[in-house]
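One structure below.
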Amino acid sequence: MYTSHMKIFVTGSAGFIGFHLCQQLLLQGYSVIGIDNLNDYYDPVLKQIRNDILLRSERYSFREIDITNFDILSTVIGEESPDMIVHLAAQAGVRYSLVNPAAYEHTNVLGTLNIFEAAKVHAVKKVVFASSSSVYGSNVKVPFSENDMTDSPISIYAATKKSSELIAHTYSHLYGIEAVGLRFFTVYGEWYRPDMALFSFSKNILEDRPICLFNSGEMQRDFTHVTDIVDGIIAAMKKEGLGFEIFNLGCDNPVSLGVVVAALEKGLNKKAKIEYLPMQAGDVIRTYADITKARTILGFNPKISIEEGIADFTKWFLEHQSVLLRLK
């Protein structure tokens, strides 16, 4: 039974989504063991700031370890004896996966295998793990449903996320581990990653540099605020008896990047200089989540509109711009 006395093991705790999840779990009274390797895919200063905020809680403990090292990972899980694992650690970024595919195979595939193997060894009965809307590839049927085919990824990142789902299914089938995969759709919010569009757009607008809109700005994304995503993760954690399941977590409301840029201009009170470019390899024109399953089974109900979410995001960005504009 899921109670506030449980100890939750969160991988990628200093990452964007991991940080917000840990914050909410701590607010709700849970004990959290966070692990992260604090790598330099983007400026580790931001990860350290997030982690320092979490360390203010006496119910949060942190270990700087890499999930690709099974011996260390298994030792820590054995020592901590968590009630549940939430596996969010991953090598992120679709475009970088075309440059350094080995990093994605190493972290996302081997790392996920290690998590489930350690769960098996130490009898952790439930693992909630992050997947991605990218597994739908160039699917032309919208909205994207969990029943759609996902065997034609168009980026290495997507292929590794699909692989993670298959690993989870196998461990659930063989060893009875409850494995719940969550396909996130374009998550954004405070303490965002610098490599993501809203962050880089905001930075460029404030620094009078052009922003690049691919496919002539005719890209659509199902932007989902991080607080809604966290609500969905916790709902998946609390729901018992799922076995192996996959859920979309999105906002169910795709918007064009042109609309997003206009909202950023309003929030930052500054016009953007825009450069229109063709489509990039590995990218998709539109993402759109069918969240019927998550609504029905998890009670998932995203509440934050893109206008409200970007208003909050730009307010945060302006308040912290002295630090954010220096990030690499």
Side-chain angles (χ1 to χ4, degrees), residues 16-17 41 87-113 128-170 172 179-188 193 195-198 212-224 229 232 236 244-257 260 277-294 300 302:
F16 169 50
I17 299 174
Y41 167 62
H87 174 40
L88 302 177
Q91 176 58 58
V94 169
R95 290 164 193 161
Y96 185 58
S97 74
L98 306 179
V99 177
N100 189 1
Y104 288 75
E105 184 279 331
H106 191 58
T107 299
N108 299 358
V109 180
L110 175 60
T112 298
L113 179 70
V128 176
F129 67 98
S131 185
S132 167
S133 63
S134 67
V135 301
Y136 291 108
S138 53
N139 189 358
V140 296
K141 182 189 87 51
V142 291
F144 300 163
S145 165
E146 295 90 345
N147 295 323
D148 293 342
M149 295 294 290
T150 55
D151 56 1
S152 300
I154 60 171
S155 70
I156 299 301
Y157 172 71
T160 63
K161 283 300 188 178
K162 179 60 179 179
S163 297
S164 295
E165 294 182 0
L166 296 175
I167 290 167
H169 180 274
T170 303
S172 181
V180 184
L182 305 173
R183 292 174 178 166
F184 299 149
F185 280 71
T186 317
V187 191
Y188 73 102
R193 282 171 25 208
D195 63 311
M196 297 298 284
L198 296 191
C212 297
L213 293 185
F214 296 96
N215 194 39
S216 301
E218 295 303 313
M219 310 285 278
Q220 289 190 324
R221 293 290 180 267
D222 198 348
F223 285 94
T224 315
I229 289 291
F244 173 80
E245 285 289 356
I246 297 290
F247 294 96
N248 287 338
L249 294 187
C251 195
D252 189 26
N253 182 35
V255 296
S256 72
L257 291 186
V260 169
L277 297 174
M279 280 282 286
Q280 290 192 115
D283 218 341
V284 297
I285 292 177
R286 176 166 56 172
T287 64
Y288 183 0
D290 181 343
I291 57 173
T292 304
K293 183 178 177 182
F300 176 65

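Please read these numbers as outputs of a predicted model, since none were measured by experiment. Residue indices begin at 1 and follow the sequence shown.
Nearest heavy atoms, Thr112 versus Ser164: OG1-OG, 3.3 Å. Across every non-hydrogen atom of Ser131 and Glu165, the tightest pair is OG-OE2, 2.6 Å. Taking all atoms of both residues into account, the shortest heavy-atom contact from Lys161 to Ser132 is CG-CB, 4.0 Å. Residues Ala289 and Gly250 come closest through the heavy atom pair CB-CA, 3.9 Å. Asp195 and Arg193 get closest at one heavy-atom pair: OD2-NH2, 2.6 Å. Closest of all the heavy-atom pairs between Val180 and Ala236 is CG1-CB, 4.0 Å.
Gln91 places a side-chain heavy atom less than 4.5 Å from the side chain of Tyr41. A 4.5 Å side-chain heavy-atom check between Lys162 and Pro153 finds every atom pair outside the cut-off. The closest side-chain heavy-atom distance from Thr150 to Phe144 is not below 4.5 Å. Under the 4.5 Å side-chain criterion, counting only non-hydrogen atoms from C-beta, Phe223 is in contact with Leu257.
The CZ atom of Arg221 lies 14.5 Å from the CG atom of Asn253; values are rounded to the nearest 0.5 Å. Taking OG of Ser163 as the start and OH of Tyr104 as the end, the distance is 14.5 Å to the nearest 0.5 Å. In this structure, the separation between OG on Ser145 and CD1 on Ile246 is 12.0 Å, given to the nearest 0.5 Å. The distance from the CZ atom of Phe300 to the CG atom of Asp252 is 9.5 Å, given to the nearest 0.5 Å. In this structure, the separation between CD on Glu105 and CD1 on Ile156 is 10.5 Å, given to the nearest 0.5 Å. Interatomic distance, Leu110 CG to Thr160 OG1, rounded to the nearest 0.5 Å: 12.0 Å.
Although no hydrogens or angles enter the test, the distance criterion places no donor-acceptor pair under 3.5 Å between the side chain of Asn248 and the main chain of Ile291.
A cation-pi geometry, defined here as NZ or CZ lying under 6.0 Å from the six-membered ring centre and within 45° of its normal, holds between Arg183 and Tyr136.
Just one of Val260, Thr287, Thr224 meets the side chain to side chain contact (heavy atoms under 4.5 Å, CB included) condition when paired with Thr186; it is Thr287.
Between the side chains of Asn108 and Tyr157, no donor N or O sits under 3.5 Å from an acceptor N or O.
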